[in-house]
Amino acid sequence: MESAADDYRIQSFDLDTQMLLKTALKDPSSVNLEKVSNVIVDQSLKDQLFSKEAGRICYTIVQAETQQNNGNVFRRSVLNRLQQEYKRREETRGRSLQEWMCYVSFICNVFNYLKVNNMPMVALVHPVYDCLFRLAQPDALMNEEEVDCLVVQLHRIGEQLEKVNAPRMDELFFLLRDGFLLQEGLTSMARLLLLEILEFRAGGWLLSGTAHKYYYSELAD
C-alpha cells in the first residue's frame, strides 16, 4: 500500500496525519472523516501539486466509505468545505493568488474525480464555472499564472463541463475570444495559451498533431 499512498502525495504531511489519511483510504469508518476532509482541503489550498492530485484521494475515500457502510459523510464534508471556500473566493484571491489558484485546481480536480452514477456532481457545476469565469475576467487575463491555471483546467474538464452545460461554456469562450482579440497588454505567453485553448475546443477538445507541435515547441522555448 505504501507506493499507492505515495502516489497521493501524502508524504508531505506529518506522520500522524499520514497515518490518518492511510487509514481513511482503507478503513474510513474507523476515523473522523470530517477531520480527514479538512486536512485534505487545507493542504490543497497551500500546496499546488497536492491540489492537482487531491481529487484522486477523495475519490478513493468516497469509494471505500460507500463499500464499507454505504455512507457519504466524507463526500458531504468535502462539499461543505468547498462551498465555504467558494463563498470567500474573491477575498482569497485578493489575499493570495497562489491560494486562489490552488482552490480552483482543487475544485476542478474534485469535479473530475467524484461522480454520482458516472455523472459529474450537479452541485459542483456552477461553482466550477464561476471560478473559470473569474479567471477569464480582464484583470485575471493580465496575469499569466491565472491564464495558465484556466487553460490547464479546461484541458482537464472542459469537455465534461460542456456536456452538462453547453451555453455557459459558449459564454466562457466568448470572453476568452474577446480577451484574446481585444484586450491590450496581455503577455505573449498569455496570448499563446488563449489561442491554444480556443483551437483546442474548436477541434472538439482535441489538438491536431501540427498544432500540438506548434504550441508545445513555443512553450518549450
Can you find a pair of side-chain heavy atoms, one from [X] and one from [Y], that are under 4.5 Å apart?
X	Y	answer
R168	L161	no
L186	E144	no
S105	Q153	yes
D47	S12	yes
V147	L135	no
R89	Y86	yes
E85	I107	no
D139	M142	no

Taking every non-hydrogen atom, the tightest pair across [X] and [Y]:
X	Y	value
G179	L141	CA-CD1, 3.9 Å
R156	K52	NH1-O, 3.3 Å
G55	N109	N-OD1, 2.5 Å
A54	S44	CB-OG, 3.4 Å

Hey, are R134 and E146 close enough for a salt bridge, meaning a charged N less than 4.0 Å from a carboxylate O? no
Joint cluster assignment, [X] & [Y], ILVMFWY side-chain distance < 4.5 Å:
X	Y	value
F133	F174	no
F106	L49	no
L15	V31	no
V104	V125	yes
M121	V41	yes

Apply side chain to side chain contact (heavy atoms under 4.5 Å, CB included) to L114 and L79, showing your working. CA-CA 11 Å; L114 291 197; L79 288 176; 5.8 Å; no
Any chance you could measure [X], atom [atom1], to [Y], atom [atom2], to the nearest 0.5 Å?
X	Y	atom1	atom2	answer
R93	E99	CZ	CD	13.5 Å
F173	L132	CZ	CG	9.5 Å
Q68	S29	CD	OG	3.0 Å
L194	I197	CG	CD1	9.0 Å
E171	N165	CD	CG	8.5 Å
Q98	C149	CD	SG	9.5 Å

Hey, which of L150, L195, V151 is the one that makes side-chain contact (heavy atoms from CB on, under 4.5 Å) with L176?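 With L176 as partner, side-chain contact (heavy atoms from CB on, under 4.5 Å) holds for just one option, L150.
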Take a 6.0 Å sphere around NZ of K35 and say whether it holds more than 12 heavy atoms from other residues, nucleotides or ligands. no
Show your reasoning for whether side chain to side chain contact (heavy atoms under 4.5 Å, CB included) applies to I40 and L21. CA-CA 9 Å; I40 290 171; L21 292 174; 3.9 Å; yes
Verify side chain to side chain contact (heavy atoms under 4.5 Å, CB included) between Y129 and M169, making sure each step is shown before the conclusion. CA-CA 8 Å; Y129 262 123; M169 189 60 77; 3.3 Å; yes
Determine whether L33 and S77 satisfy the following criterion, side chain to side chain contact (heavy atoms under 4.5 Å, CB included), listing intermediate values before the conclusion. CA-CA 8 Å; L33 289 171; S77 299; 5.5 Å; no
Using modelled atom types only, decide if a donor and an acceptor are shared between the side chain of [X] and the backbone of [Y] within a distance under 3.5 Å.
X	Y	result
N72	R75	no
N117	M119	no
Y103	L82	yes
S96	T92	no
R191	F180	yes
Q160	P120	no

Ring centres of F50 and F13 under 6.0 Å apart?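 Ring-ring flag for F50/F13: true, centres closer than 6.0 Å.
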Test salt bridge (Lys or Arg N to Asp or Glu O under 4.0 Å) on D170 and R177; report intermediate values, then the result. CA-CA 10 Å; D170 287 338; R177 195 191 55 206; over 6 Å; no
